[in-house]
2 protein chains.
Amino acid sequence: MEKQSIEHTIGHEAAGDVTLDGRGTYDERLNHILASATDTFARLGYEKASMREVAKAAGVSLAGVYHYFDGKERILFLIQFRAFGSLLNNLREKLSGVEDAKKQLCVMIRAHLGYFAANMSALKVCSHELDSLSGAAYEDTRKIRHEYYELCRDIVDRVLNEYDVNGTMDRHVATMALFGTLNWLYRWYDPKRGPAVSTVARQIADQYLVGLVGAAMKQNETP
Amino acid sequence: MEKQSIEHTIGHEAAGDVTLDGRGTYDERLNHILASATDTFARLGYEKASMREVAKAAGVSLAGVYHYFDGKERILFLIQFRAFGSLLNNLREKLSGVEDAKKQLCVMIRAHLGYFAANMSALKVCSHELDSLSGAAYEDTRKIRHEYYELCRDIVDRVLNEYDVNGTMDRHVATMALFGTLNWLYRWYDPKRGPAVSTVARQIADQYLVGLVGAAMKQNETP
DNA sequence: CTTCTCCGATCGAACGTTCGTTCGGCTGGT
DNA sequence: ACCAGCCGAACGAACGTTCGATCGGAGAAG
């Protein structure tokens, strides 16, 4: 409980920076195992992926994994919490300075696809294993997911406030339609084989934005 | 292999129609267990749901489940194969007579949401456990899924052929954007609590169709 | 009509395997 | 001499699956 606190989540730089062994610092090896576990969870699914498989993929013994992590659930929590945190920070960063709501929406979609292309395994685990955590770990990831949701919904909201003067468009439905498109990416899109990230991002952003604005104006035509 | 053939998939009416016991025919009890298993898989996930849990939910013993099904994977296969088959038949039925591509797209989205509302657990299992099967069972479900995909992509194709004269819109991306929205429904939409099925279907159809056509025309403006 | 036989349906109990986790000890740098 | 890092081996629990026994109704035999 107290030992492996939330500090590990961000990546504590105070510990392990002196010496440990020839293959990197404590944090580097922890992150190496975490990255291997991310790939393993993405490949097999969280429940089907055993700790033995995680250990083998990371090149350490089974007990060696437990030297760095309290247990299997803790690994999944760290993967999700870090990924959602990075996703959120990355989005806020790229959103700074952009005022127009429609441009914000484009930036959001591009940022999401860019992060997806750079962290496919992590986002697959985030999309597919949303209910695999429980208790406090689930609550923590739910909170940060909700932050990401609110940020995106507020952008959708501002766009609709400009065009949907009658308020006939459901903000939640509109936002979840976009989330569906983005969270489903891991099922079909491989940036290494399919069209370029920028191409896909542009088409999705164009389609969604035009659809959002157009559907809103269409409903206002018939009062 | 030979014993539990594909016949069970459709529901063989030849057997068990004479007598079995007071609680229904063979097929009725098989379908009852299958329905319970669907709910259990949807609630816990396929890997986490144990056969003991399935048996308890169905009100039979653990060994009793194996009297009707070869094994756990066979249950998942039957759930997915039946659901995809019904989804496909239902769509083809409602599509007959409709010629306009844009209307076809609206019909498709309404049909999907209607089936979702009536079979939430089954579609959740279909969306979430796509990779849980292996071997021949996986291939069989993949084929029927591909049929559904091709049917929808052809509709998208016809819409784009009317407006995207330059062919700048990627048909696969456009189709998967829609599939993402639809397949993500199970994560957030509850017809019993949220807005009505017709309302959500109309908004999603409007948004997507306007976006598809609008984005295509927008790209043709700048040659 | 009664009796016997048989077989499908069902169950409790157990099988072997794999799971997440723990523990005691080895090792190499300080 | 010490201690963090790491490992082989083992733990109990839970898993999917199998097996042998039991039960009851349908049909054949008397």
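Each chain gets a letter, A, B and so on, in the order the sequences are listed, and its residues count up from 1.
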Colleague: OP1 or OP2 of C:dA9 versus the side-chain N and O atoms of B:His67: is any pair under 4.0 Å?
Modeller: yes

Colleague: Indicate whether the side chain of A:Arg145 and that of A:Gln80 have a donor and an acceptor atom separated by less than 3.5 Å.
Modeller: no

Colleague: Nearest whole Å is fine: how far is D:dG5 P from A:Glu28 CD?
Modeller: 14 Å

Colleague: Sugar-phosphate atoms are those with a prime plus P, OP1 and OP2; base atoms are the rest. Using that split, label each nucleotide of nucleotides 14-20 of chain D B, S or - for protein heavy atoms under 4.0 Å, 5' to 3'.
Modeller: -BBBBB-

Colleague: Run the salt bridge (Lys or Arg N to Asp or Glu O under 4.0 Å) test against B:Glu139 and tell me which residues pass, sequence neighbours left out.
Modeller: B:Arg142

Colleague: Under 3.5 Å, which donor-acceptor pairs link side chains of residues 113-124 of chain B to any protein atom two or more places apart or in another chain?
Modeller:
{"residue": "B:Ser121", "atom": "OG", "partner": "B:Asp39", "partner atom": "OD1", "Å": "2.8"}
{"residue": "B:Lys124", "atom": "NZ", "partner": "B:Ala42", "partner atom": "O", "Å": "3.2"}

Colleague: Rounding to 10°, can you tell me the angle the first-five-pair axis of the helix from C:dC1-D:dG30 to C:dT30-D:dA1 makes with its last-five-pair axis?
Modeller: 20°

Colleague: Rounded to the nearest angstrom, tell me the gap between atom NZ in B:Lys56 and atom C1' in C:dC11.
Modeller: 17 Å

Colleague: What residues form a salt bridge (Lys or Arg N to Asp or Glu O under 4.0 Å) with B:Glu47, not counting sequence neighbours?
Modeller: A:Lys48

Colleague: How would you list, by chain and number, every residue that makes a ring pair (Phe, Tyr, Trp, His ring centres under 6.0 Å) with B:Tyr208, sequence neighbours excluded?
Modeller: none

Colleague: Would you mind reading off the distance between B:Glu53 atom CD and D:dA13 atom P, rounded to a whole angstrom?
Modeller: 19 Å

Colleague: What pairs with B:Arg92 under salt bridge (Lys or Arg N to Asp or Glu O under 4.0 Å), at least two apart in sequence or on another chain?
Modeller: B:Glu147

Colleague: Show me the side-chain donor-acceptor pairs of residues 52-66 of chain A shorter than 3.5 Å, one per line, residues at least two apart or across chains.
Modeller:
{"residue": "A:Ser61", "atom": "OG", "partner": "A:Gly64", "partner atom": "N", "Å": "3.0"}

Colleague: Which pairs, with at least one residue in residues 171-180 of chain A and sequence neighbours excluded, count as a side-chain hydrogen bond (donor to acceptor under 3.5 Å, both in side chains)?
Modeller: A:Tyr149-A:His172, A:Asp157-A:Arg171, A:Asn161-A:Arg171, A:Asp164-A:Arg171

